[in-house]
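Worksheet for the structure shown next.
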Amino acid sequence: MFQRTPALCLRKVDFSETSQILRFFTPASGKISCIAKGSKRKKSAFLAPFDVLTVYDLIRIEKRAGTLDILTKAERVRSFTQIREDYPRFVAACYAAEFVDEFAPDGQVVDGLYEQLIQVLERLEAGVAPADAVFSFEAQSLRLLGYLPRLRECGVCRKAVSRPDVYFSVRDGGALDPECRPREERWFPARRAALESIARFSEGNMPKETMKRPLVEEIRQILDACVHFHLERELKSVRFLRDTITSS
């Protein structure tokens with residue numbers, strides 16, 4: 001059955017001398033994988049080579065679950081070319097794409113996640129600070145996926161966090177009052193200001209002033225802990241992201 005959909009390219013892999021396997025993220029079908037037969041030929045049925053971080057209008061033959069769809073047509077809609085001209089913005093965009101690629105289940109829709117991915121690319125292209133753009137994307141995406149930790153109340157006793165210095169543990173629900181800190185050292189110190197910043201990002205609020213480096217580093221530490229806990233590993237691009245957002 002032929003299906004037409006807008007899709008953002010997350011990854012491309014050479015399948016043969018002439019063909020590629022492509023992974024896309026779509027608003028109506030979630031994450032899909034397709035084979036583009038003959039896409040590397042000079043006289044290809046596709047108008048141009050495929051690029052990651054690019055939106056296409058796809059027509060594909062949908063196959064059964066667990067197999068590759070067959071791509072029959074792909075028209076480039078948007079390329080976000082300005083992101084590619086700036087290393088920090090490009091790193092942030094690659095991180096967002098890898099985040100979706102790893103968290104989004106195959107063939108299942110996560111309401112709002114496609115829009116979040118497009119929004120972070122639009123913000124990066126418009127010149128929004130990479131840290132602001134990625135933190136907003138990440139916090140809202142974790143909320144949509146059901147993985148956002150408790151940030152304004154203790155994950156153990158559920159009381160509102162009132163102290164300026166608390167603790168954080170994803171395994172124990174998020175923010176922790178000192179009295180609720182478990183004996184096992186699976187927590188680390190965190191400031192309420194950093195937790196509140198992530199909560200505001202998850203609600204779609206952007207900072208009005210440039211964030212100081214210590215706050216950026218602390219927010220990154222908290223979000224890294226969330227990603228590592230749920231995926232049981234780090235994303236490959238996070239090391240580059242840390243370096244760029246903390247040095248800018």
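The analysis underlying the following values was restricted to heavy atoms, covering all of them including side chains, and did not include hydrogens, waters or symmetry mates. These numbers were taken from a predicted model, which means no experiment stands behind them.
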Pairing donors with acceptors under 3.5 angstrom, does anything connect the side chains of [X] and [Y]?
| X | Y | result |
| --- | --- | --- |
| T54 | D51 | no |
| T81 | E85 | no |
| T246 | E217 | no |
| E125 | Q82 | no |

Original post:
Between Y167 and F188, does the ring centre distance come in under 6.0 Å?
Top reply: no
Original post:
Under 6.0 Å between the ring centres of Y147 and F229?
Top reply: no
Original post:
Should we say atom CZ of R152 is surrounded by more than 12 heavy atoms from elsewhere, each under 6.0 Å from it?
Top reply: yes
Gap separating the [atom1] atom of [X] from the [atom2] atom of [Y], nearest 0.5 angstrom:
| X | Y | atom1 | atom2 | value |
| --- | --- | --- | --- | --- |
| I118 | L8 | CD1 | CG | 5.0 Å |
| K208 | D132 | NZ | CG | 13.5 Å |
| E98 | L235 | CD | CG | 4.5 Å |
| W187 | L176 | CH2 | CG | 9.5 Å |

Subject >> Cluster overlap V227 with L144, hydrophobic side-chain contacts below 4.5 Å >> reply: yes
**OP:** Please answer: with hydrophobic residues joined when any side-chain heavy atoms are less than 4.5 Å apart, are L117 and V109 in the same cluster?
**Re:** no
Subject >> R220 to Y95 six-membered ring, cation-pi geometry met (6.0 Å, 45°) >> reply: yes
**OP:** Assess R76 against Y56: is NZ or CZ under 6.0 Å from the centre of the six-membered ring, and within 45 degrees of the ring's axis?
**Re:** no
Subject >> Partner residues of D101 under the side chain to side chain donor-acceptor pair (under 3.5 Å) criterion, sequence neighbours left out >> reply: R11, R23
**OP:** In sequence, state the C-alpha distance, the side-chain angles, and the governing distance for D165 and R191, and then conclude on salt bridge (Lys or Arg N to Asp or Glu O under 4.0 Å).
**Re:** CA-CA 5 Å; D165 297 305; R191 289 184 299 157; 5.7 Å; no
**OP:** For R192, enumerate each residue passing the salt bridge (Lys or Arg N to Asp or Glu O under 4.0 Å) test, keeping only those at least two apart in sequence or located in another chain.
**Re:** none
Subject >> K31 side-chain N/O to A104 backbone N/O, donor-acceptor pair under 3.5 Å >> reply: yes
